[in-house]
Amino acid sequence: MKNLSDLEIIDSVKRGNHSDYSLLVNRYKNKAFSLLVRMLKNQMEAEEVLQDCFVKAYNSLNNFKQQSKFSTWFYRIVYNTALTRLSIKKRQVENEMASIDDLYFLESDYNPEATEQKDTSKFVQTMIEKLPANYAAVVNMFYLDEMSCEEISEAMQTSVSNVKVMLHRSRNLLRDILVKNNYAEEIL
Amino acid sequence: MIPIDDEILNQYIDGELEPSKLNEVMEQLKSSEADRKRLNYLQIVHRELGKIKSSETSSGFTELVMSKLEKKFKVRKEDKFFILSISSIFLILCLGIIIYLFINIISDPAISSSVLQKVDFYIAYFTKFNEDIKEILSPKNISIAGSIISFGLLTLIYFIYEEHKFGKRKLGNN
């Protein structure tokens, strides 16, 4: 059963084998959870939202036209639900959708002295979690979920060029912070 | 010599540069130590981002989602059962009324059961049925019938609303 494709599982669920949906939940829960944690910056809230997303996806399975991958369709639900949650909470909405100039607040947000050892991976992980929601979402989908820019643009309902801009800006920003904190020098 | 900005470096990393531009950029990188350094830094970020790990949901997450869905199915089934039972009652009532009218017509002495009068029987049947309907729909009866139907509908709506509220509450608690 575990080797079934997403579409085969969906067909099975539609035929009435509701319990097969757990295969999809198991397949996507951790990756979607990572995306939500990075967007919402709160583990408990992320898990709560993720539950809602899986219920929403289940209820909308009949609307899934199989024109795109299930993962892309599901990430769209996750991304939109996270944005709705963010807007409800009115949590720094302006910052979340800010221009790149505003992203440099992150540079002052990280205290290298707080970290005893210079662990670049840890540092990068920490900095991603501090990225604004939409930038964190792009980075997460591109690197963790290995989605193409086209798939990300579909999930986020934005243009491919916009996705690329967000990805490049995130990289540039992380590089600047890395250099500023002498992480890059050590690796080089 | 072309100026290499961050955008070009990012495109270089993603392998999106056109062959002609790629050659130019590579030449430039060979000759410029500063540009090479910038590229290296960006490649470090790219590499480190590739190592990011996924977070894990708490144990029992899948079971929690499935139990949420299971409860939803249950509520839906209950809803279906409720609507089905109300519709059945309504149908039985309608059927009862029709049977009652039919028996009334059959037991009428004016209607003979002889074969020759079969046609008359059907005509009489429909005429009587028509008259009964007319009587039911008379101004006096229509208000009574309207009241009964309104009462029935209101009761039905109330039960559906209550059932829906109960179902929602049940889902909310879970």
Side-chain angles (χ1 to χ4, degrees), chain A residues 18-19 21-27 29-38 43-44 46-47 50-55 57-59 120-125 127-129 139-140 142-146 149 164-165 167-179 183-188, chain B residues 4-17 25 29 33-77 79-80 167-168 170-174:
Chain A
H18 305 304
S19 58
Y21 190 64
S22 63
L23 296 173
L24 281 180
V25 176
N26 280 332
R27 197 168 285 177
K29 64 178 181 183
N30 288 338
K31 285 184 174 180
F33 182 60
S34 307
L35 174 63
L36 284 168
V37 168
R38 289 190 174 114
Q43 299 238 349
M44 273 176 72
E47 199 160 304
L50 187 57
Q51 283 177 26
D52 289 346
C53 291
F54 277 116
V55 173
Y58 183 88
N59 290 335
T120 318
S121 300
K122 228 177 194 173
F123 173 80
V124 171
Q125 286 261 7
M127 293 322 291
I128 298 166
E129 274 155 31
V139 168
N140 196 85
F142 188 83
Y143 285 103
L144 187 66
D145 304 316
E146 294 174 350
C149 289
K164 282 182 183 171
V165 165
L167 181 67
H168 295 171
R169 283 177 177 180
S170 303
R171 269 188 209 149
N172 295 343
L173 174 69
L174 290 171
R175 176 203 56 195
D176 292 346
I177 302 171
L178 216 65
V179 170
Y183 277 91
E185 290 290 348
E186 286 189 5
I187 294 168
L188 282 174
Chain B
I4 298 184
D5 58 15
D6 286 343
E7 191 53 35
I8 292 175
L9 290 178
N10 273 294
Q11 284 175 349
Y12 177 84
I13 287 172
D14 291 333
E16 288 175 348
L17 285 177
V25 170
L29 286 170
E33 167 86 29
D35 285 341
R36 220 166 36 240
K37 214 169 183 181
R38 277 169 58 222
L39 175 69
N40 283 339
Y41 289 150
L42 217 50
Q43 278 173 328
I44 290 167
V45 172
H46 180 59
R47 199 177 60 225
E48 290 303 324
L49 285 172
K51 290 182 198 165
I52 58 170
K53 290 170 195 152
S54 68
S55 312
E56 282 189 16
T57 55
S58 59
S59 59
F61 176 84
T62 308
E63 290 73 21
L64 201 69
V65 172
M66 292 312 288
S67 71
K68 246 186 174 182
L69 288 171
E70 205 59 51
K71 270 154 198 162
K72 218 169 177 187
F73 304 144
K74 223 177 160 186
V75 171
R76 270 191 201 163
K77 270 184 193 166
D79 274 355
K80 268 187 190 169
K168 257 188 156 180
K170 223 172 157 186
L171 267 179
N173 287 340
N174 297 311

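Just so we're on the same page: letters track the sequence lines, and every chain starts at 1.
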Item checked: Electrostatic pair B:Arg38:B:Asp6 at N-O distance under 4.0 angstrom -> yes

(message) Looking at A:Lys164 and B:Glu16, is any side-chain nitrogen of the basic one under 4.0 Å from a carboxylate oxygen of the acidic one?
(response)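 Looking at A:Lys164 together with B:Glu16, the answer is yes, because their closest N to O distance falls below 4.0 Å.
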
If one checks every heavy atom of B:Leu69 against chain A at 4.5 Å, the contacting part turns out to be side chain

A:Asp145 meets the salt bridge (Lys or Arg N to Asp or Glu O under 4.0 Å) criterion, sequence neighbours left out, with none

Greatest number of non-hydrogen atom pairs under 4.5 angstrom with chain B, of A:Leu50, A:Ile128, A:Asp52, falls to A:Leu50

ask   = So which of A:Val165, A:Asn140, A:Val124, A:Leu167 has the largest heavy-atom pair count under 4.5 angstrom toward chain B?
value =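 Highest number of heavy-atom pairs under 4.5 Å: A:Val124.
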
Original post:
Do B:Asp14 and B:Gln11 come close enough that some side-chain heavy atom pair is under 4.5 Å?
Top reply: no

Among B:Glu7, B:Glu63, B:His46, which has the most heavy-atom pairs under 4.5 Å with chain A?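 When all of B:Glu7, B:Glu63, B:His46 are compared, B:His46 has the most.
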
Max heavy-atom pairs within cutoff under 4.5 Å with chain A, candidates B:Leu64, B:Val65, B:Leu42, goes to B:Leu42

query = Using non-hydrogen atoms only, which part of A:Tyr58 is less than 4.5 Å away from chain B: side chain, backbone, both, or neither?
reply =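 Side chain of A:Tyr58 only, per the 4.5 Å heavy-atom cut-off to chain B.
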
- Task: With sequence neighbours left out, write down each residue that passes side-chain hydrogen bond (donor to acceptor under 3.5 Å, both in side chains) with B:Ser58, or none if nothing qualifies.
- Result: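 A:Glu47.
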
